[in-house]
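A short write-up of the structure that comes next.
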Protein chains: 2
Amino acid sequence: MAVNASRKPVLDGKECDMSGWDMNNCPVRDVLDRIAGKWSTLLLGALARQPYRFGELRRLVPDISQRMLTQTLRDLQRDGYIEREVFPTKPPSVEYRMTDLGRSLFEPLSKVLLWAEANHPSVKAARVKYDESELA
Amino acid sequence: MAVNASRKPVLDGKECDMSGWDMNNCPVRDVLDRIAGKWSTLLLGALARQPYRFGELRRLVPDISQRMLTQTLRDLQRDGYIEREVFPTKPPSVEYRMTDLGRSLFEPLSKVLLWAEANHPSVKAARVKYDESELA
DNA sequence: AACGTTGGTCTCAAAAAGAGACTAGCACTA
DNA sequence: TAGTGCTAGTCTCTTTTTGAGACCAACGTT
């Protein structure tokens with residue numbers, strides 16, 4: 001059974017020690033399950049820049065359905081990341097803007113987005129390599 | 001139509017200027033759609049600590065199905081975040097460990113996890129507030 | 001001989017997401 | 001004045017994704 005070789009921690013604990021985390025029923029999951037959706041980060045990224053109206057967001061993210069746009073915005077609002085304000089124009093217009101909590105979340109989150117942008121080539125290369133070794 | 005009030009940028013551009021990002025067909029989406037899955041961050045968090053075998057991961061995350069565990073690990077492997085090594089024991093055992101790319105991703109990602117842990121109370125409070133105002 | 005262990009795959013049911021029609025009230029146009 | 005478009009959604013239907021659980025083969029243990 002002594003098969004496994006190097007089981008040293010990858011992070012040194014100063015960076016982020018999550019050894020005490022209970023994977024089941026843990027606050028991190030509770031929060032992350034919401035912001036990990038397909039559209040959440042995208043909308044947070046947009047609203048971090050400036051407030052937008054419903055239709056503006058729809059045009060900004062062309063391949064989102066109205067259904068998912070509504071639902072994702074509701075979820076983000078419920079968790080306190082964005083605010084919704086209705087202006088009594090005819091027809092009524094609705095503006096979404098980030099809250100302080102949302103901004104606070106987006107600070108570390110933006111670092112991940114920047115990492116994704118910077119390392120996209122590496123990921124694409126890894127995919128090609130994997131796919132080549134698979135068809136063998 | 002001059003309804004919308006404050007449309008000033010939320011971030012000052014030094015933090016993270018993504019105003020030039022194309023929301024559609026953008027590298028960030030391509031990378032993020034993979035790590036934004038329900039189980040991805042959880043598995044990355046575990047493997048950031050140390051290498052694990054298939055069965056160990058399954059026990060570590062009790063409510064994941066074998067099917068999704070297999071699939072998520074494959075996806076993470078394909079994108080180059082983790083490595084898979086088969087040991088020719090009987091029955092064969094398989095170990096998963098993080099790559100350098102995975103560790104590089106987990107650095108900013110862990111900051112988001114820490115944020116989630118720290119701000120869980122705020123999020124829960126926001127949910128309660130939202131739900132109360134809804135049933136009115 | 002029966003059972004547990006390994007890391008999966010396969011099938012079927014349930015949940016989630018996408019596509020598109022539909023709404024109301026007003027403004028603008030023909 | 002009738003027709004059209006705008007707003008921010010909701011409702012229904014179909015497709016995709018996910019979850020639950022059975023099954024596999026070969027070996028070790030009891």
Side-chain angles (χ1 to χ4, degrees), chain A residues 1-5 23-25 29 32-43 46-47 51-78 82-97 130 133-134, chain B residues 1-5 23-25 29 32-43 46-47 51-78 82-97 130 133-134:
Chain A
M1 194 64 90
V3 166
N4 308 308
M23 288 301 180
N24 201 22
N25 189 12
R29 288 187 65 177
L32 234 67
D33 279 357
R34 284 283 149 69
I35 62 178
K38 184 177 179 183
W39 306 108
S40 304
T41 44
L42 215 55
L43 293 176
L47 292 172
Y52 282 108
R53 289 173 45 188
F54 186 88
E56 291 177 318
L57 288 170
R58 191 156 61 91
R59 282 184 288 273
L60 209 59
V61 187
D63 55 343
I64 195 174
S65 62
Q66 284 192 317
R67 193 181 153 281
M68 285 313 293
L69 181 53
T70 303
Q71 193 174 107
T72 307
L73 288 170
R74 289 272 143 76
D75 287 347
L76 293 177
Q77 186 194 355
R78 190 172 104 100
I82 64 177
E83 285 172 330
R84 178 177 183 272
E85 186 175 4
V86 181
F87 295 96
T89 53
K90 302 285 174 79
S93 62
V94 178
E95 190 175 270
Y96 293 91
R97 72 168 59 80
Y130 179 92
S133 69
E134 274 307 284
Chain B
M1 193 60 92
V3 168
N4 310 308
M23 287 303 180
N24 201 23
N25 188 13
R29 286 187 67 176
L32 234 68
D33 279 356
R34 284 283 149 69
I35 62 180
K38 184 176 177 182
W39 306 107
S40 305
T41 45
L42 215 55
L43 294 175
L47 292 171
Y52 283 108
R53 288 173 44 189
F54 186 89
E56 291 178 316
L57 288 170
R58 192 156 60 92
R59 283 185 288 274
L60 208 59
V61 188
D63 55 344
I64 194 174
S65 62
Q66 283 192 316
R67 194 181 153 283
M68 284 313 292
L69 181 53
T70 303
Q71 194 174 108
T72 307
L73 288 171
R74 288 274 142 77
D75 288 347
L76 294 176
Q77 186 195 354
R78 191 172 104 98
I82 64 176
E83 283 173 330
R84 178 178 184 269
E85 186 174 3
V86 181
F87 295 96
T89 52
K90 303 285 177 74
S93 62
V94 178
E95 190 174 272
Y96 293 90
R97 73 168 59 77
Y130 180 92
S133 70
E134 273 308 284

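First the proteins, then the strands, lettered A, B, ... as listed; each starts at 1.
Of the candidates C/dT6, D/dT10, D/dA8, D/dA8 carries the atom nearest the A/Val94 side chain, counting heavy atoms from C-beta on. Each of C/dG7, C/dG18, D/dT18 was ranked by its minimum atom distance to the side chain of A/Ser65; first place goes to C/dG18. Considering only the side chain of B/Arg59, C/dT6 comes nearest among C/dG8, C/dT6, D/dG9. The side chain of A/Ser93 has D/dA8 as its nearest neighbour among C/dT6, D/dA8, C/dG25. Side chain of B/Met68, nearest nucleotide from C/dC26, C/dG18, D/dT18: D/dT18. For B/Phe54, the side-chain atoms get nearest to C/dG7 when compared with the rest of D/dG9, C/dG7, C/dT5.
Pairing each heavy atom of B/Ser40 with each of B/Arg34, the nearest pair is OG-O, 3.1 Å. B/Tyr96 and B/Leu47 get closest at one heavy-atom pair: O-CD2, 3.4 Å. For A/Glu56 against A/Arg53, the heavy-atom pair with the smallest separation is OE1-N, 2.7 Å.
For the pair A/Trp39 and C/dG18, the criterion of a side-chain N or O lying under 4.0 Å from OP1 or OP2 is met. Side-chain N/O atoms of B/Lys38 include one lying less than 4.0 angstrom from OP1 or OP2 on D/dG19.
Note: OH (A/Tyr52) to C1' (D/dG9) measures 21 Å, nearest angstrom. Protein atom NZ of A/Lys90 is 15 Å distant from nucleotide atom P of D/dA8, rounded to whole Å. Between the P atom of D/dG21 and the CG atom of B/Leu69 lies a distance of 17 Å, rounded to the nearest Å. If you take CD1 of B/Ile64 and P of C/dG8, they are 13 Å apart, rounded to a whole angstrom. The distance from atom CG of B/Asp75 to atom P of D/dT18 is 9 Å, rounded to the nearest whole Å. Distance B/Gln66 CD to C/dT5 C1': 12 Å, rounded to the nearest Å. Atom pair A/Glu56:CD and D/dG9:P shows a separation of 13 Å (rounding to whole Å applied). Put simply, CZ on A/Arg58 is 8 Å from P on D/dA8, counting in whole angstrom units.
With rounding to the nearest 0.5 angstrom, the CG atom of A/Leu69 is 10.5 Å from the CD atom of A/Gln71. Interatomic distance, B/Leu43 CG to B/Thr72 OG1, rounded to the nearest 0.5 Å: 6.0 Å.
B/Arg67 comes within 4.0 angstrom of a nucleotide base, judged by non-hydrogen atoms across all strands.
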